[in-house]
Amino acid sequence: MDSRCVHVDEIRPVSAGTEGCAECLASGDSWVHLRMCLSCGHVGCCDSSRNRHATSHFRTTAHPIAASHEPGEDWAWCYADKLMLERA
């Protein structure tokens, strides 16, 4: 992870809580891309999706870092520091 992010110590060994966006699955809605919270494993939809549940999860919980939950993508985003992080 990028050493400029001061929140990397909040990353936990997590597993995805759902196969898709938890809130969209519950409401029957759809999403564009998925992000997984690296503090708790919550899966939410990205900001290109109508509902932006991953960002909403950050605002509600203050869990700072979410990783792409898309096949072949290996990056994360720190909402608090507004930094893209490469995952090792």
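Identified under the ring pair (Phe, Tyr, Trp, His ring centres under 6.0 Å) test for residues 42-68, with sequence neighbours left out: H42-H57, H57-H63, F58-Y79.
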Distance-only check: which donor-acceptor pairs under 3.5 Å involve side-chain atoms of residues 29-38, not counting sequence neighbours?
{"residue": "D29", "atom": "OD1", "partner": "R50", "partner atom": "NH2", "Å": "2.7"}
{"residue": "D29", "atom": "OD2", "partner": "R50", "partner atom": "NH2", "Å": "2.6"}
{"residue": "D29", "atom": "OD2", "partner": "N51", "partner atom": "ND2", "Å": "2.7"}

Enumerate donor-acceptor pairs with a distance under 3.5 Å from any side-chain N or O in residues 10-20 to protein atoms, sequence neighbours excluded.
{"residue": "R12", "atom": "NH1", "partner": "D9", "partner atom": "O", "Å": "2.8"}
{"residue": "T18", "atom": "OG1", "partner": "G20", "partner atom": "O", "Å": "2.4"}

Original post:
side chain to side chain contact (heavy atoms under 4.5 Å, CB included) between W75 and E86: does it pass, once the steps are laid out?
Top reply: CA-CA 5 Å; W75 58 269; E86 290 187 33; 5.7 Å; no
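A donor-acceptor contact shorter than 3.5 Å links the side chain of T60 to the backbone of S56.
Between the OG atom in S68 and the CG atom in D74 there is a gap of 8.5 Å [rounded to 0.5 Å].
The shortest non-hydrogen separation linking C45 to C21 is N-SG, 3.4 Å.
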